[in-house]
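Note that the structure is predicted; figures quoted are calculated from it, not measured.
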Amino acid sequence: MKNVIAETKEQIITTVKNAVANLASELPVDAVLIENACKVEIEAEIPKDKTHGDFSTNIAMKLTKVLKNSPVNIANALIKVMNTEGTYIEKVEIAGPGFINFYLTKKRIYDALKSAYELGDEFGRLDVGKGKKVMVEFVSANPTGPMHMGNARGGALGDSLASVLDMAGYDVTREFYINDAGAQIEKFANSLEARYIQALKGEDAVEFSDDWYQGNDIKVHAANFIELFGDKYLECSSEERKDALVAYGLEKNIAKLKSDLSDYRINYDVWFNESKIHENGEVAETIELLRKSDLTYEKDGALWFKSTEFGSEKDDVLIRANGFPTYFAVDIAYHRNKFEKRGFDKVINIWGADHHGHVARMKGAMDAIGCDGSKLDIIIMQLVRLVKQGEAVRMSKRTGEMITLSDLVEDIGIDAARFFFNLRQAGSHLEFDLDLAIAQNNDNPVFYVQYAHARIASIIRNLAEEGTKLADINDIDLELLKEDAEIELIEKIISYPNEIYLSSVSMEPSKLTRYVMDLSALFHSFYNSCRVKCDDEKLMQARLMLCHTTKNIIKNVFAILKIDAPEKM
């Protein structure tokens with residue numbers, strides 16, 4: 001099927017490319033310079049300001065050094081030799097320091113609308129990624145307790161970003177890193193052991209450290225363990241007792257992680273155990289590689305990484321004086337596994353704000369072991385503030401502790417949670433209004449968009465019941481759509497592929513929530529000013545086709561965000 005959006009951009013790039021090849025007829029330059037100019041990549045983007053045209057290119061500025069001439073002179077020469085015959089280009093102008101702006105014919109928007117309808121679920125799919133392997137690692141909560149609000153936001157962001165990248169043409173893998181080794185597991189073991197002994201011998205039988213896990217879930221694990229095994233592990237060695245308790249507790253916690261995330265509509269391609277890279281020797285291999293780099297040194301019996309060379313306030317320990325690797329060293333080995341062992345072209349991690357200082361040193365460590373640190377992108381996610389009736393919410397009604405992912409989903413539903421967490425960029429603080437999230441009115445953004453989808457479905461259903469169904473697309477005269485509300489809605493529809501592109505480049509799926517809210521607002525304006533059911537049969541068919549296409553775009557965005565698109569509300 002014809003993809004007019006992609007075709008239009010290609011037309012512009014080809015037109016410019018041909019003009020560059022023919023510049024010698026307007027500029028006093030030799031063949032060698034023209035040959036070099038033809039090698040420069042041509043970019044055509046949709047300007048933010050509509051007065052700057054439908055597409056714009058900065059090629060004249062990019063050719064300045066190559067052709068040893070001013071951008072304005074180059075732009076003027078390019079326009080003079082441009083052949084726009086057989087394209088959607090109606091007018092070409094120079095703006096600012098040498099931008100070339102393209103204004104397209106009205107026919108293009110009608111052809112693009114038809115293309116959007118015909119492509120259906122595939123409309124918006126791009127080949128920007130060229131099938132490159134990308135991993136998105138997100139949530140990766142410690143399996144030592146329930147998932148909290150940060151995990152809920154990270155889950156919605158990471159999963160939606162993975163879907164955006166898939167739409168942009170990348171080969172995407174979703175991964176959860178299970179920290180089943182190291183200090184957190186030791187702390188988990190100590191906590192479980194203490195609660196196990198206390199449950200059998202009384203709270204005074206063993207002191208419970210303030211540094212251990214204080215949550216009620218630890219007590220529940222200990223009680224359930226006793227139901228299964230009684231006091232069998234009371235008299236054995238502490239090591240044997242801890243091993244049994246951790247094996248039991250981890251299995252239960254990881255199963256709960258998987259269940260909660262699946263309920264949240266997140267299904268990972270890979271669950272990667274930290275213990276794996278300890279057992280197969282990759283941690284030791286990686287530390288040896290680091291030893292050989294000029295970015296490490298020994299001090300006080302420990303091996304250090306020169307993190308200060310990458311902007312950190314202090315250097316970081318890789319191997320402690322006791323010979324055990326730090327979490328940082330293990331994390332380097334894990335990322336080496338991603339790049340070197342599994343061959344990912346790009347790795348994207350979504351981390352909490354408390355990991356901000358870890359970014360530069362991790363990228364530096366990748367360079368130190370021969371992996372390209374520039375291929376590692378880290379999205380820092382800011383905190384969430386839950387608000388109810390204008391007051392901050394801090395406690396879980398069931399556990400008396402933090403609000404968990406399962407609490408949130410139970411209270412407001414999956415659709416609201418996933419939409420609200422994608423309302424803002426990851427790097428911005430998010431105030432999550434619980435009252436707004438469950439409100440059944442247009443102030444609630446997810447309700448507003450779902451209502452638009454349901455309203456369109458109702459229009460289509462009611463017309464079908466009266467005997468009016470959409471005709472063959474080739475028999476519909478889309479040029480009858482001339483009202484401002486119609487044109488604005490069409491323009492928004494056909495900009496959808498560019499929204500996918502921008503979301504993939506910026507790694508911000510929040511662009512799509514804003515897009516679908518704007519699309520819904522434009523549909524409501526169209527609905528209020530243009531009657532779909534009208535006496536003019538041809539106009540009714542054109543407007544009905546516009547309804548079908550709008551509905552499909554909303555459904556497509558919701559598929560990326562994994563939100564239900566209701567037919568009735």
Kindly state each residue pair satisfying salt bridge (charged side-chain N to carboxylate O under 4.0 Å, His left out) with at least one member in residues 247-256, sequence neighbours excluded. K256-D260

So is [X] actually on top of [Y]'s ring, under 6.0 Å and inside 45° of the axis?
X    : Y    : result
R385 : F432 : no
R361 : F328 : yes
K346 : Y170 : no

Applying ring-ring contact (aromatic ring centres under 6.0 Å, His included) to Y327 and not counting sequence neighbours gives none

Can the ring centroids of [X] and [Y] be said to lie less than 6.0 angstrom from one another?
X    : Y    : value
F344 : F339 : no
Y196 : Y233 : no
F176 : F138 : no
F305 : Y297 : no

side-chain contact (heavy atoms from CB on, under 4.5 Å) test vs L434 passes for just one of D411, V387, L408, namely L408

Test P509 against every option in S160, S503, S504, S163 by the side-chain contact (heavy atoms from CB on, under 4.5 Å) rule and name the one that passes.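 It is S160, the one option of S160, S503, S504, S163 that forms the side-chain contact (heavy atoms from CB on, under 4.5 Å) with P509.
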
Under 3.5 Å donor-acceptor, [X] side chain and [Y] backbone:
X    : Y    : value
R125 : D166 : yes
N151 : H148 : yes
N273 : S275 : no
Q214 : S209 : yes
S262 : K258 : no
H453 : P566 : yes
D180 : E274 : yes
T326 : V317 : yes
T513 : S510 : yes
W304 : K299 : yes

From CA spacing to verdict: side chain to side chain donor-acceptor pair (under 3.5 Å), D564, Q450: CA-CA 8 Å; D564 287 335; Q450 287 181 319; 5.9 Å; no

Tell me, do [X] and [Y] make a side-chain contact under 4.5 Å, heavy atoms counted?
X    : Y    : result
S56  : E45  : no
N179 : P143 : yes
F420 : V384 : no

Quick check on K201: does its NZ atom have over 12 non-hydrogen neighbours (other residues, nucleotides or ligands) under 6.0 Å away? no

Mind checking side chain to side chain donor-acceptor pair (under 3.5 Å) for [X] and listing every partner two or more places apart, or none if nothing turns up?
X    : value
T308 : D315
E203 : none
S312 : none
S259 : none

Applying side-chain hydrogen bond (donor to acceptor under 3.5 Å, both in side chains) between N349 and each of K338, H355, H358, report the one that passes.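 The residue from K338, H355, H358 that satisfies side-chain hydrogen bond (donor to acceptor under 3.5 Å, both in side chains) with N349 turns out to be K338.
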
Hey, which of Y334, W271, W351 is the one that makes ring pair (Phe, Tyr, Trp, His ring centres under 6.0 Å) with Y177? Y334

One pair to check against side chain to side chain donor-acceptor pair (under 3.5 Å): S307 and D316. What are the steps and the verdict? CA-CA 6 Å; S307 302; D316 290 280; 2.5 Å; yes

Please test N142 against T144 for side chain to side chain donor-acceptor pair (under 3.5 Å), starting from the C-alpha separation and ending with a verdict. CA-CA 5 Å; N142 280 325; T144 52; 4.8 Å; no

Salt-bridge criterion met for R424 and E431 (N-O under 4.0 Å):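 Between E431 and R424 there is no salt bridge, as every charged N stays at least 4.0 Å from the carboxylate O atoms.
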
